[in-house]
Amino acid sequence: MPLTCEDRDDRALLDEARRQMTVCVVCKYCNGYCPVFRAADARPALTDADLLYLANLCHDCRGCWYACQYRPPHAFAVALPAALARVRALSWRRMAGIPWPGGAGGGALLALACTLLVPVVTLAWVPWEVLFAPHPGPGAFHAVIPRGPMVWGAALALLPPLAWVGVAMARFWRVIGGGSPRQVLRALPRALGDMLALRHLDGGGVGCNDLDDRFSPWRRRMHHLILYGFLLTVAATVSAAIAHHLLGMRAPYPWFSAPVLLGTVGGVSLLAGVAGMAGLRARADPAPQALETRADGALLLALLAAASASGLALLLLRGTAAMGMLLALHLGTVLALFVTLPLGRLMHAPFRALAILRAAIERRTPQHREES
Amino acid sequence: MTADGPPEVLVAGGGLAALCAAIVARRAGASVWLLDQAPEALRGGNTRHARNMRVAHDGPSPLVADAYPEAEFRTDLRRVGGDTLDEALAARLVADSVDLPAWLAAQGVAFQPRAGGMLPYSRRTVFLLGGGTAMVNALVRTAARLGVVVRHGVTVADVDPGGGVTITRDGATRRIATGAVVVATGGFQANRGWLRETFGPAADGFVNRGTPHADGRLLRALLDQGAMPVGDAARGHLVAVDARSPADDGGIVTRAEGMTDGLVLDRDGRPLVDPAAERGSPRYANWGRLVAEAPGQIAHVILDAAGLARLGPRVYPPVRTLDTLALAACLGLDAGRLAGTLACHGPGGGPPWFTLSLRPGLTFTGLGVRVDDRARVLDGRGRPWPGVFAAGMIMAPALLGGRYLSGTALTVSAVFGRRAGEEAARHALDL
């Protein structure tokens with residue numbers, strides 16, 4: 001089991017989170033902010049597995065930090081958002097079986113290597129008179145990078161990280177108690193609603209503490225732009241595959257086609273969301289944050305920005321001689337995003353989805369039913 | 001401080017009463033300073049540790065269940081306040097409690113709806129989302145936005161009957177004249193010297209559950225200058241807290257539990273019994289008093305495994321001892337006598353034993369200044385001091401007599417804070 005392997009730093013981190021969360025379970029003042037406190041109430045023993053679950057259920061809204069009568073300089077030094085952020089990072093690493101300690105340095109290097117790999121290989125392999133020539137009309141992309149290498153390269157590069165994430169998710173699901181297919185099915189509508197609405201970024205109705213002790217809806221809004229932008233770009237890719245295989249159309253697609261419209265709206269939304277989120281992060285009060293986990297988040301924002309910006313540039317300049325290298329660069333950024341997936345902050349998405357699903361299951365079972 | 005001082009209304013204190021007074025006085029058009037002795041990290045007085053507020057209401061709402069008629073609130077106050085109860089203040093408190101949730105919400109304070117299912121049933125009190133610290137954050141924001149000059153780490157050292165004020169900050173002292181002063185600095189539960197005067201050497205065994213800045217300096221200053229006292233210093237509200245609690249600011253989580261599930265022994269191994277005990281939840285104030293009167297102001301709860309299971313999670317876990325001999329060594333008691341006491345009175349399921357040590361924890365003190373229902377401080381003959389007002393726990397003994405009625409401290413603070421702010425602004429602006 002992933003949690004039996006003892007690492008002294010991880011142990012200290014989990015023990016510290018347990019100590020702090022115990023204060024919360026006794027105090028209860030914050031239990032209106034989010035379901036973390038309800039879930040903690042239902043598992044007062046706060047085992048390591050419980051803490052991994054609670055940490056991923058936490059959306060980092062920071063309401064409990066600003067409301068806390070026990071935050072530093074109090075002797076109890078409760079700083080729950082930071083403690084849970086550390087446990088979150090630990091959970092992704094442990095469930096993915098990554099042996100080295102956290103930190104964004106390795107991920108950043110790998111991402112950079114992936115981003116540059118495709119352009120370098122393209123420069124080396126594609127004849128420059130092809131690469132740097134304008135290619136108007138359908139089939140232009142594959143005139144530069146042939147379809148075979150593109151599809152097989154993508155499959156080979158993307159499937160292992162996705163499978164890796166899948167294994168990590170399965171382990172996490174088992175560790176946090178999982179659920180039968182029947183339970184999952186019954187809890188799914190509520191869980192999906194909570195995920196897609198980012199319901200728990202609402203601080204119990206008042207909003208998040210984005211910058212300081214004021215409540216605001218902006219972090220949730222920026223996250224919406226990023227999440228839905230990301231989903232739209234995925235939809236663009238799927239619709240492009242459908243257009244290619246079922247409709248026999250060849251990329252690049254016209255402006256008013258599903259792949260281009262979805263990709264454009266998605267890319268612009270992603271870029272706007274990333275910019276907004278980066279702005280909030282830059283101005284946010286550092287006090288409630290686990291500062292060593294910030295680089296992770298910055299790297300994810302950078303990768304998302306690179307992928308969407310290069311995609312939009314490719315769209316705008318696809319009729320020009322710059323198309324070939326922009327295509328290679330865009331593919332490189334997408335490769336970087338996926339290859340670093342099991343190492344980085346993007347792991348919060350599948351893990352949080354599972355934690356929300358588990359919470360929805362618990363709300364349906366009698367021992368956790370609401371009292372009123 | 002801003003260059004345009006001194007203000008028309010000066011508010012001393014940093015908790016709910018002070019914040020309400022400052023906001024209301026500012027909204028009435030006065031220039032206002034709010035001076036809080038605590039540093040910013042500890043702002044908010046004991047409001048930081050509060051959670052719910054008692055309000056009269058006629059029917060269920062998203063915030064509070066069923067009904068709590070004004071007459072019932074007054075009856076509860078009479079029961080608790082006893083012969084100290086000031087009927088005029090009680091009537092004011094109850095009537096003005098009705099619109100408090102709406103008024104506080106308009107100042108940015110968030111309440112926790114019942115619908116989330118995370119609140120205990122309550123028809124008497126509304127709950128703050130996130131507790132008192134979140135309310136303090138919201139009110140400080142609102143006060144600052146309205147133009148109240150809010151300063152922390154500034155002590156109002158003295159207020160004289162004419163409204164003159166002495167301020168100290170970083171060791172420097174200055175006197176200023178203001179239009180009106182609102183004193184909302186609470187009791188003296190953090191003042192060790194005064195506690196010793198009141199409770200004798202026993203005070204050294206007390207834990208202060210709240211802010212270390214409740215030194216009662218202005219309470220004493222007002223009384224020394226002839227303000228009419230109300231209540232009784234020795235009638236503070238005490239509960240039993242874990243002996244490992246920090247000296248100040250332990251708040252809600254250090255309150256001891258388990259007294260009714262196990263055997264409570266004093267320092268010398270004699271059982272302590274709450275004569276008014278009922279099964280189930282302990283009467284916290286009785287236990288505070290019992291421990292305060294016990295030798296050495298310490299007592300020990302001894303639980304068996306069943307008692308431990310009922311105890312629930314604790315910030316300070318009980319100390320486990322494998323047998324009675326080890327328990328006796330741990331408590332410094334004679335093993336033979338302890339075994340006899342346990343056999344006679346103790347929980348039947350041990351060893352192992354699980355032990356929590358208790359101290360008396362002081363929530364607030366029971367001596368205050370008497371005010372009229374316009375929150376004006378009265379002199380020894382019942383005449384108001386012009387321009388000097390008091391709100392919050394410094395005048396609450398006229399209502400509670402130093403006793404506890406859940407959620408009422410916040411109600412007193414908000415109702416009389418608003419009242420004092422309104423009257424202070426009127427007084428200052430009419431000058």
Side-chain angles (χ1 to χ4, degrees), chain A residues 18-46 50 61-78 199-200 202-207 209 212-216 285 287 363 368-372, chain B residues 39-42 44 46-52 60 62 65 105 108-122 127-138 140-142 145 210-211 242 244-255 257 311-317:
Chain A
R18 181 176 301 110
R19 183 192 72 76
Q20 294 188 21
M21 197 82 223
T22 301
V23 178
C24 301
V25 168
V26 179
C27 170
K28 301 186 195 304
Y29 283 21
C30 287
N31 67 18
Y33 279 127
C34 77
V36 169
F37 300 98
R38 174 198 302 274
D41 234 21
R43 36 173 75 64
L46 298 174
D50 292 337
C61 81
R62 300 168 196 171
C64 62
W65 161 269
Y66 290 100
C68 188
Q69 57 186 310
Y70 299 114
R71 71 172 184 233
H74 195 281
F76 291 165
V78 173
R199 184 141 24 242
H200 307 316
D202 77 345
V206 287
N209 295 95
D212 50 32
D213 64 271
R214 285 168 298 179
F215 297 101
S216 120
D285 177 3
R363 284 183 76 109
H368 303 297
R369 188 157 288 160
E370 295 169 16
E371 287 120 41
S372 62
Chain B
E40 190 171 0
L42 296 183
N46 277 349
T47 304
R48 277 192 302 134
H49 297 297
R51 188 181 187 192
N52 52 345
V109 175
F111 291 90
Q112 186 172 348
R114 294 188 293 138
M118 292 302 290
L119 291 177
Y121 168 84
S122 178
F127 285 75
L128 296 159
L129 181 64
T133 305
M135 171 162 74
V136 168
N137 294 342
V140 170
R141 280 276 172 202
T142 300
R145 181 173 51 75
T211 175
D242 194 288
R244 293 163 285 186
S245 304
D248 303 287
D249 265 336
I252 186 69
V253 301
T254 59
R255 189 177 64 187
E257 304 277 348
L311 187 64
R314 305 302 306 156
V315 167
Y316 297 107

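Throughout, a chain's letter reflects where its sequence line sits, starting with A, and its residues are numbered from 1. Given the structure is predicted, the values throughout are model-derived calculations rather than measurements.
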Problem - Proximity breakdown for A/V206 and chain B, heavy-atom pairs closer than 4.5 Å - result: side chain
Completion exercise
Applying a strict 4.5 Å limit to non-hydrogen atoms, the region of A/C68 in contact with chain B is backbone
Practice task
Check for a donor-acceptor pair, side chain of B/N46 on one end and backbone N or O of B/T211 on the other, with a separation under 3.5 Å.
Solution key: yes
Fill in the blank from the handout: If one checks every heavy atom of B/P313 against chain A at 4.5 Å, the contacting part turns out to be both
Problem - Interchain contact, A/Y70 with chain B, by part (heavy-atom threshold 4.5 Å) - result: side chain
Exercise for the section: For each of B/G132, B/G130, B/A134, tally heavy-atom pairs with chain A at distances under 4.5 Å, and name the one with the top tally. Expected result: B/G130
Problem - No-hydrogen, no-angle side-chain donor-acceptor test under 3.5 Å, A/Y66 and A/D212 - result: no
Completion exercise
Comparing B/Q112, B/R48, B/R51 against chain A, the one with the most heavy-atom pairs below 4.5 Å turns out to be B/R51
Practice task
Would you confirm whether A/N209, through its side chain, and A/R214, through its main-chain N or O, come within 3.5 Å as a donor-acceptor pair?
Solution key: yes
Handout entry: Any donor-acceptor N/O pair, B/H49 side chain to B/I252 backbone, under 3.5 Å
Key = no
Handout entry: Residue pair A/Q69 / A/C27, side-chain heavy-atom distance below 4.5 Å
Key = yes
Fill in the blank from the handout: Bottom line for B/Y316: the part with an atom under 4.5 Å from chain A's heavy atoms is side chain
Exercise for the section: Pick whichever of B/P113, B/A110, B/P39, B/G251 has the most heavy-atom pairs under 4.5 Å with chain A. Expected result: B/G251
Exercise for the section: Flag the pair A/H200 / A/C61 as yes when at least one side-chain heavy-atom distance between them is below 4.5 Å, and no otherwise. Expected result: no
Practice task
Name the member of B/R141, B/R314, B/R255 that forms the most heavy-atom pairs with chain A at distances under 4.5 Å.
Solution key: B/R141
Completion exercise
Turns out that what part of B/A50 lies under 4.5 Å from chain A's heavy atoms comes down to backbone
Problem - Residues that A/D41 engages under salt bridge (charged side-chain N to carboxylate O under 4.0 Å, His left out), provided they are two or more places apart - result: A/K28
